[in-house]
Student: 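My questions will all concern the structure given below.
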Amino acid sequence: MIADDRLVLYLTQGGRNLLTYIDADDPALAPMLSTSLAALAAALKREKHLMFTLEMVDDRPVRMTRLDTALRACGFSMVPKGLSWHQ
């Protein structure tokens with residue numbers, strides 16, 4: 001996802017890893033991150049019957065990152081291995 005001409009998020013092929021290119025802890029970048037996550041969810045919703053489990057964010061287990069709550073708010077669900085996308 002690109003916002004304000006910057007690469008913000010990249011979901012790898014297969015959906016197991018999400019890479020961030022901004023500081024997710026920086027309050028000044030929260031609007032950009034929120035917009036990018038909403039755009040990611042909108043893009044994923046366009047794919048019928050898409051299922052995958054997001055396990056890692058920036059080489060850390062997704063549930064140990066600050067993005068866990070935001071991703072669940074965008075439509076991901078908790079599963080034992082991470083966060084599941086099922087549409």
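All of these numbers come straight from a predicted model, not from anything done at the bench.
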Student: Working to the nearest 0.5 Å, report the span between CD of Glu55 and OG of Ser84.
Tutor: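 Glu55 atom CD to Ser84 atom OG measures 10.5 Å (nearest 0.5 Å).
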Student: Asp58 versus Thr65: any side-chain heavy-atom pair under 4.5 Å?
Tutor: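 No, side chains not in contact.
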Student: Just wondering, do Leu11 and Leu54 contact through their side chains at under 4.5 Å, heavy atoms?
Tutor: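 Contact flag for Leu54/Leu11 side chains = yes.
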Student: Could you tell me the separation between the CD1 atom of Ile22 and the CE atom of Met1, rounded to the nearest 0.5 Å?
Tutor: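 One gets 13.0 Å once the value is rounded to the nearest 0.5 Å.
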Student: Could you check whether any side-chain N or O of Arg63 sits under 3.5 Å from a backbone N or O of Leu83, counting only pairs where one atom can act as donor and the other as acceptor?
Tutor: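 A pair under 3.5 Å: no.
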Student: Could you tell me whether a side-chain N or O of Thr12 sits under 3.5 Å from a main-chain N or O of Asn17, the two making a donor and an acceptor?
Tutor: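 Answer holds: yes.
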Student: Are any of the side-chain heavy atoms of Phe76 and Leu37 separated by less than 4.5 Å?
Tutor: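 SC-SC contact between Phe76 and Leu37 ruled out.
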Student: Could you tell me if the side chain of Leu18 sits less than 4.5 Å from the side chain of Val62, heavy atoms only?
Tutor: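 Val62 does not reach Leu18 side chain to side chain.
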Student: At what distance, to the nearest 0.5 angstrom, does CZ of Phe52 lie from CD of Glu47?
Tutor: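 Those atoms lie 10.5 Å apart.
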Student: Mind checking who shares a hydrophobic cluster with Met56, ILVMFWY linked at side-chain heavy-atom distances under 4.5 Å?
Tutor: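 In the cluster with Met56 there is nothing else; it is isolated.
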Student: Please determine whether residues Leu40 and Leu50 belong to a single hydrophobic cluster, defined as Ile, Leu, Val, Met, Phe, Trp and Tyr linked transitively by side-chain heavy-atom distances below 4.5 Å.
Tutor: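 Yes, same cluster.
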Student: Leu67 vs Leu33, test: side chain to side chain contact (heavy atoms under 4.5 Å, CB included). Steps then yes/no.
Tutor: CA-CA 9 Å; Leu67 292 183; Leu33 184 60; 3.4 Å; yes
Student: Rounded to the nearest 0.5 Å, what separates atom CG in Leu7 from atom CG in Leu19?
Tutor: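 Rounded to the nearest 0.5 Å, the CG-CG separation comes to 8.5 Å.
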Student: Taking atom CZ of Arg66 as the centre, does the number of heavy atoms from other residues, nucleotides or ligands within less than 6.0 Å exceed 12?
Tutor: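 No, not enclosed.
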Student: Has Asp23 got more than 12 heavy atoms of other residues, nucleotides or ligands less than 6.0 Å from its CG?
Tutor: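 Enclosed: over 12 neighbouring heavy atoms sit under 6.0 Å from CG of Asp23.
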